[in-house]
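Note sheet for the following structure.
Heads up: numbering here begins at 1 and tracks the sequence.
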Amino acid sequence: MKKVLFSILAVAAVVACNKNDVTPSQPAGEPGAIKFGVSGLVATKAVSESDANTVQASGFNVAGIVDETTVYFNELASFDAVNSNYATATQYYYPTGKTLDFYAVHPVNRTIAVAADGAVTVAYEQTNTEDLIVAKREDVAASAGDVALTYDHVLSQLVFTVKGADTKADYLLKSINVTAPNGGTYKFADGQWTRGEDAVEAYWATDLEVSTSEPTAVEESMTFLPGAVVIEATWETYVNSKLIASYTKATAAGAIELEMGKKNTINLTLPNADAQGITFTVTVNPWGAVSQDVTLN
């Protein structure tokens with residue numbers, strides 16, 4: 001999977017300090033304070049390919065887990081422009097003699113859930129245009145070094161190009177629908193999804209003239225859960241501005257698998273199999289023969 005670095009988050013872990021021995025008001029620079037610093041800001045690349053740094057704008061949710069099962073904290077980390085780092089509203093410190101597992105997710109409307117057995121997950125509902133990125137770093141001990149968290153895309157981005165197969169015809173794309181899960185649950189432990197029920201999502205619903213010489217890019221982009229999807233397209237073909245045929249065709253179930261963390265391009269070729277050229281064959285029947293007997297008066 002191609003890893004896209006949105007921002008390098010560094011946890012300042014200097015000298016271990018027991019949380020019970022300090023107060024939350026202790027200055028952030030004191031030994032043992034857990035802070036998320038920025039060593040480099042890289043613009044996020046969401047579905048829209050925007051240069052806006054959405055991580056810096058809204059922060060991220062981060063959970064610290066002790067001994068794999070105990071939730072130490074699970075809060076929003078926001079950007080502090082004065083100190084150029086991220087911090088939770090409450091200041092936390094490394095517990096003495098313990099290691100921490102860190103799990104982070106962006107955007108902030110997605111919350112991190114920790115089960116009693118320590119399983120860490122994020123629930124997602126299909127929104128079509130929202131990205132979802134996650135990061136984890138396990139068994140982090142207090143030290144003088146920094147701990148970097150690298151974010152990965154865990155959805156699949158989907159784009160289309162469309163081309164007509166019949167050079168004698170003009171093509172008009174009417175719509176594209178995608179049947180995909182309406183959401184699911186991402187598991188940090190194995191990086192896999194539990195998929196929800198399938199639903200039909202309208203991907204494209206505007207008339208688009210399609211070339212027969214070069215692929216036409218469908219100016220749209222959506223995100224879906226990784227795995228199998230079904231694609232259905234509706235289009236019309238014309239010759240000399242006359243409507244020849246209307247089509248609605250779909251791919252076979254399981255024919256298309258979207259890869260996680262990748263921009264999946266589907267190149268559709270639209271046939272015109274029902275078009276029958278109008279031709280004429282001419283046969284002239286011979287003169288028939290008939291005779292009548294007539295007497296002139």
Taking it one step at a time, do S221 and Q157 satisfy side-chain hydrogen bond (donor to acceptor under 3.5 Å, both in side chains)? CA-CA 7 Å; S221 177; Q157 188 176 1; 2.7 Å; yes
For E125, which residues count as a salt bridge (Lys or Arg N to Asp or Glu O under 4.0 Å) partner, sequence neighbours excluded? R110
Identify, with sequence neighbours excluded, every residue that meets salt bridge (Lys or Arg N to Asp or Glu O under 4.0 Å) alongside K249. none
Test item: [X] and [Y] side chains (from C-beta on) under 4.5 Å apart, heavy atoms:
{"X": "I266", "Y": "I231", "answer": "yes"}
{"X": "E68", "Y": "D101", "answer": "yes"}
{"X": "N272", "Y": "Y247", "answer": "yes"}
{"X": "N74", "Y": "V62", "answer": "no"}
{"X": "P95", "Y": "Y72", "answer": "yes"}

F160-Y203 aromatic ring centre distance below 6.0 Å: yes
Verify, without hydrogens or angle tests, whether [X] (side chain) and [Y] (backbone) share a donor-acceptor contact under 3.5 angstrom.
{"X": "Q126", "Y": "T223", "result": "yes"}
{"X": "Y171", "Y": "A165", "result": "yes"}
{"X": "R195", "Y": "T185", "result": "no"}

Here the gap from M222 atom CE to L155 atom CG, rounded to the nearest 0.5 Å, amounts to 13.5 Å
Starting at CG of L225, measure out to CE of M260 and round the result to the nearest 0.5 Å. 9.5 Å
Quick one: list whatever passes side chain to side chain donor-acceptor pair (under 3.5 Å) with S213, sequence neighbours left out. S211
What residues, two or more places apart in sequence or in another chain, satisfy side chain to side chain donor-acceptor pair (under 3.5 Å) together with K187? none
For A57, side chain to side chain contact (heavy atoms under 4.5 Å, CB included) partners two or more places apart: none
Remaining members of L76's ILVMFWY cluster at a side-chain heavy-atom cut-off under 4.5 Å? V108
Hydrophobic clusters here meaning ILVMFWY residues chained together by side-chain heavy-atom distances under 4.5 Å, can you tell me if [X] and [Y] are in one?
{"X": "V71", "Y": "V120", "result": "yes"}
{"X": "Y124", "Y": "V114", "result": "yes"}
{"X": "W235", "Y": "Y238", "result": "no"}
{"X": "L172", "Y": "L270", "result": "no"}
{"X": "V159", "Y": "W204", "result": "yes"}

Report the C-alpha separation of T234 and T248 in whole Å, then their side-chain angles, then the decisive distance to 0.1 Å, and conclude whether the side-chain hydrogen bond (donor to acceptor under 3.5 Å, both in side chains) test is met. CA-CA 4 Å; T234 297; T248 296; 3.0 Å; yes
In terms of side-chain heavy atoms, does N109 have a donor or acceptor partner in E130 at a distance below 3.5 Å? yes
Got more than 12 heavy atoms from elsewhere within 6.0 Å of CD, E138? yes
Looking at N240, I'd like to know if its CG atom is crowded, meaning that more than 12 non-hydrogen atoms belonging to other residues, nucleotides or ligands lie closer than 6.0 Å. no
For the pair H106 and N61, evaluate side-chain hydrogen bond (donor to acceptor under 3.5 Å, both in side chains) and give the outcome as yes or no after the intermediate values. CA-CA 7 Å; H106 173 86; N61 291 321; over 6 Å; no
Should the ring pair Y92 and F73 be called parallel, tilted or perpendicular, given that the plane angle runs from 0 to 90° and is split at 30 and 60? parallel
